[in-house]
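Okay, so here's the structure we're looking at.
Everything numeric in this text was worked out from a predicted model, so none of it was measured. Starting from 1, each residue takes its place in the sequence as its number.
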Amino acid sequence: MNKKKKLVTICCLFLCLCLFSGCKQATEAVFATFIEGNLNEVYLGKTNETYLKLSGSTVEESKQIYLDGMEVQAEYFAYYWGIIDPDYGETYDDLEDELKQEILDLCKEIYGNAKFEVLSSTKQNDGNFAVKVTVEPVDIMELANNQFD
């Protein structure tokens, strides 16, 4: 996972924790459920009613969040592999629709193999919650580079 993706993920998790820290009736299970739902939404494009209620989202909004994230990854993929070069005025939007769809589908397949697990959620002394998560990085760029070396 690239540094930008890690930072976005950490910021999302932190924001989620901050949003819930003011809820008096929040429990460790609620936080764990929310974080797991968020990871499922972002990486796998999956959601459930419990997560939608906790996040205040609709199925359509959840699908759009997933699609937006995959499009960011597809654009990064195209840039990384030299398919586009913004320095020469080539952007992802300039690609033919068929090629963009192929790249998008590839990114969905790659991220569909993401592995993560919400291990525990604990209320801290200050009232905030800490959620322990393990994430196996999706390091497709590194793996592909190793194949070329």
Please check this pair: side chain of [X] against backbone of [Y], looking for a donor-acceptor N/O pair closer than 3.5 Å.
{"X": "E28", "Y": "K123", "answer": "yes"}
{"X": "E90", "Y": "I84", "answer": "no"}
{"X": "E136", "Y": "T134", "answer": "no"}
{"X": "S62", "Y": "T58", "answer": "no"}

| CA sep, side-chain torsions, deciding dist, call: N40, N48, side-chain contact (heavy atoms from CB on, under 4.5 Å) | CA-CA 9 Å; N40 279 320; N48 61 48; 5.6 Å; no

Applying side-chain hydrogen bond (donor to acceptor under 3.5 Å, both in side chains), name anything that partners [X], two or more places apart in sequence or on another chain.
{"X": "Q64", "result": "D68"}
{"X": "Y51", "result": "N38, E41"}
{"X": "D105", "result": "Q101"}

Given the options Q73, E75, E71, L104 meets side-chain contact (heavy atoms from CB on, under 4.5 Å) only with E71

- Task: Check the pair V42, Y111 against side-chain contact (heavy atoms from CB on, under 4.5 Å), reporting the backbone distance first and the verdict last.
- Result: CA-CA 9 Å; V42 172; Y111 281 87; over 6 Å; no

Residues T27 and F129: closest non-hydrogen pair is C-CE2, 3.8 Å

Q) Can you find a pair of side-chain heavy atoms, one from Y66 and one from K46, that are under 4.5 Å apart? A)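 No, too far: nothing below the 4.5 Å cut-off.
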
* Are side-chain heavy atoms of F116 and L44 found at a separation under 4.5 Å? -> yes

